[in-house]
Number of protein chains: 2
Amino acid sequence: MSRRKPANDGPCPVARSVDVIGDRWSLLIVRDAFDGTNRFGDFQRSLGVARNILSDRLRQLVEAGVLETRPASDGTAYKEYVLTERGKSLFPVVVALRQWGERHLFAPGERHSRLVDKKTGEPIPFMAPKAGSDDELLPGEAEVRKLT
Amino acid sequence: MSRRKPANDGPCPVARSVDVIGDRWSLLIVRDAFDGTNRFGDFQRSLGVARNILSDRLRQLVEAGVLETRPASDGTAYKEYVLTERGKSLFPVVVALRQWGERHLFAPGERHSRLVDKKTGEPIPFMAPKAGSDDELLPGEAEVRKLT
DNA sequence: TCAATCGGTTTCAATTTAAAACTAGACTGA
DNA sequence: TCAGTCTAGTTTTAAATTGAAACCGATTGA
């Protein structure tokens with residue numbers, strides 16, 4: 001039974017996000033969901049996670065409104081887990097993680113999977129925050145304005 | 001003594017990234033580092049994390065090349081933890097998490113901290129992956145090309 | 001209908017985390 | 001220089017989480 005800590009209610013959106021998806025499995029479940037995985041057993045085989053943990057994480061993600069369950073689309077009596085709108089809007093998070101990993105976590109020449117535009121087959125360009133204009137915003141050029 | 005699991009060496013960059021920063025504290029440490037925090041005690045007070053865990057995570061982040069230590073800039077004999085280039089390039093990840101949290105994890109009207117352009121004071125626009133052109137790339141329009 | 005599969009839940013040992021106490025070097029003020 | 005305090009950890013111990021495996025009822029396939 002998933003022990004939930006005193007539900008992060010601070011003002012920092014990063015902290016709240018981390019509270020929802022900031023563990024090893026949740027993010028990988030979401031990644032797989034973007035790849036089209038939606039059945040319990042498929043997540044389990046893909047991730048190699050223990051069933052009880054998977055069960056717990058799926059429940060948490062459903063509770064958080066990231067996934068929802070619906071009857072299986074393939075006629076069987078089982079249900080499937082699909083991304084909600086909220087879940088789909090995690091796309092930039094997963095892409096950012098992917099791009100960081102691609103850049104920094106592979107030896108030169110080491111092969112890795114690639115995210116491409118389905119239509120054109122072209123790799124997705126590097127994503128970065130922009131200032132109001134079109135220039136890339138560097139870390140030093142932004143600051144967190146705490147609420148007054 | 002930080003037990004590291006068999007070091008994720010799969011082809012998925014998301015999995016490798018999650019392996020490095022995919023836990024509650026690491027990401028928040030990086031967030032604080034972007035905000036200018038660099039001393040052990042400051043991280044500790046900011047996060048409320050147990051000292052041994054902080055010690056462990058800082059060591060891991062240094063080992064992963066996300067942070068590095070250097071003598072304190074303020075004359076004292078202590079050292080400080082600062083983001084490396086690799087660490088700084090986590091900026092899009094933190095921004096993506098922040099923007100997702102802002103959108104989905106606050107009640108309407110609830111206040112939260114804000115990321116603004118230092119120069120103009122303007123909030124940072126929402127960040128999204130683009131296809132080769134300038135149109136926002138939606139989750140369904142991309143796919144992961146596994147390495148051949 | 002009988003065996004295998006699916007989607008879990010339960011159990012229990014092992015790992016990880018958290019809290020607190022402890023250590024040790026650096027600074028402070030008297 | 002001596003006591004007290006601050007910083008940056010480490011150690012110790014208990015509590016929480018995780019993972020592996022067994023279990024279970026419903027579903028499916030032969």
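In the text below, chain A, chain B and the rest are named by the order of the sequence lines, each starting its count at 1.
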Length of the [atom1]-[atom2] vector between [X] and [N], whole Å:
X     : N      : atom1 : atom2 : answer
A/D56 : D/dT18 : CG    : C1'   : 10 Å
B/E80 : D/dT7  : CD    : P     : 14 Å
B/I29 : D/dG9  : CD1   : C1'   : 14 Å
A/F43 : C/dG7  : CZ    : C1'   : 13 Å
A/R39 : C/dT5  : CZ    : P     : 14 Å
B/L54 : C/dA19 : CG    : P     : 13 Å
A/R24 : C/dT15 : CZ    : C1'   : 11 Å
B/D23 : C/dT16 : CG    : P     : 12 Å

Does OP1 or OP2 of [N] have a side-chain N or O of [X] closer than 4.0 Å?
X     : N      : value
B/S55 : D/dT10 : yes
A/R59 : C/dG8  : no
A/K79 : C/dG8  : yes
B/W25 : C/dA18 : yes

Among the nucleotides C/dT17, D/dG19, C/dT9, whichever has the atom closest to the side chain of B/I53 is C/dT17
| said: Can you tell me how the ring of A/Y81 sits relative to the ring of A/F43, calling it parallel under 30°, perpendicular over 60° and tilted otherwise? | reply: perpendicular
Tell me the closest heavy-atom pair linking [X] and [Y], and the distance in Å.
X      : Y      : result
A/P123 : A/R114 : CB-NH1, 4.2 Å
B/A15  : A/L28  : CA-CD2, 3.8 Å
A/W25  : A/R57  : CB-CG, 4.1 Å

Pair A/S26-A/D23, side-chain donor/acceptor within less than 3.5 Å: yes
Scoring nucleotides 22-30 of chain D by protein non-hydrogen atoms under 4.0 Å (B base, S sugar-phosphate only, - none) yields -----BS--
Sequence neighbours excluded, the answer for side-chain contact (heavy atoms from CB on, under 4.5 Å) partners of A/D42 is A/T37, A/R39, A/R45
Notebook entry, point to check: Do A/R103's NZ or CZ and the ring of A/F126 fall within the cation-pi criteria of under 6.0 Å and 45°?
Noted result: yes
The residue, B/N52 or A/A50, whose nearest nucleotide of DNA chain D is more 5′ is B/N52
### Task
Tell me what B/Y81 touches on the nucleic acid: a base, only sugar-phosphate, or nothing, going by heavy atoms under 4.0 Å.
sugar-phosphate
